[in-house]
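Down below is the structure, laid out as structure tokens.
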Amino acid sequence: MTTHLNVTTHSFTDGNAQAVALAERIAERLRHALAERGHATVAVSGGSTPKDFFARLSQEALDWQHVQVTLVDERWVPDSDERSNARLVKSLLLQHQAAAATFVPLYTGAATPEEGLAVAAARIDALPSPFDAVVLGMGDDGHTASFFPGGDHLAAALDLEGHARVLPMHAPGAGEPRITLSLPTLLDTRALYLLVTGEHKRELLADVRLGLDTAKDYPVRAVMTQQRVPVAVYWCP
Ligand code: 6PG
């Protein structure tokens, strides 16, 4: 028996069409928030998949001066490092029209994510709640944000009743130490998107949908099976 999932999948023929569609969707969300409340907040992922989406979104005409952009997770490196998600967002999203947006980083310059945790959490706490949109990605191992299989704070990060807003994460597949918003923090949003490409990731998500045993250790399962916020998957080959 499969559980009903609150997930809708939008499939596109290529990455360009996918990036355009998601950029238009997020821009629409931000415009709506600006019209309703005078400010808007979006949390985005790093990695390679969102690059075209960032470039597209940066060209959307909206009142970026009142938009705050933060990250769903960060590798614990300064933005001079090419693996920094802040570096990626600054170079690809915070340009053109979006250059006027305010970026709220998770990396603090402390030696470890544990040492930087309180400052990073205070930055997230200072943002208006809920987010207007959260854009997740997914790795080939089923991780999303920094919810890595075998992560040292994975259970705490996925605890829907947990109170931690932000957590450090160390995991074999993570490379450097990470910091991540917790699942309840990510779900504190008006809209949730999962941007993924390729056959492998499509099959992985299909396994999660079917509730297969092979999918039980994929951390993305916690996002797909929660009932708090509908998930919109944006997929292309
Ligand atoms: C990160 C992420 C991460 C990412 C996936 C997918 O900082 O690494 O935010 O969760 O979304 O690893 O990465 P790709 O887009 O490179 O496949």
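As the structure lists them, so they are numbered: ligands from 1, and atoms in each ligand from 1.
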**Prompt:** Quick one: ring pair (Phe, Tyr, Trp, His ring centres under 6.0 Å) partners of F131, sequence neighbours excluded?
**Reply:** none
**Complete:** Taken in chain and number order and not counting sequence neighbours, the residues that satisfy ring pair (Phe, Tyr, Trp, His ring centres under 6.0 Å) with F53 are none
**Asked** Taking atom types as modelled and ignoring hydrogens, do the side chains of T9 and R209 form a donor-acceptor contact shorter than 3.5 angstrom?
**Response** yes
**Message:** Other residues, nucleotides and ligands only: do more than 12 of their heavy atoms fall within 6.0 Å of NE2 on H200?
**Reply:** yes
**Prompt:** Which heavy atom of S80 sits nearest a heavy atom of R87, and at what distance?
**Reply:** O-NH1, 3.1 Å
**Item:** Set of residues satisfying side-chain hydrogen bond (donor to acceptor under 3.5 Å, both in side chains) with respect to Q59, sequence neighbours excluded
**Value:** none
**Item:** Protein residues having a heavy atom less than 4.0 Å from any atom of ligand 1
**Value:** S45, G46, G47, S48, T49, D73, R75, N85, G137, M138, G139, H143, T144, A145, R178, K201
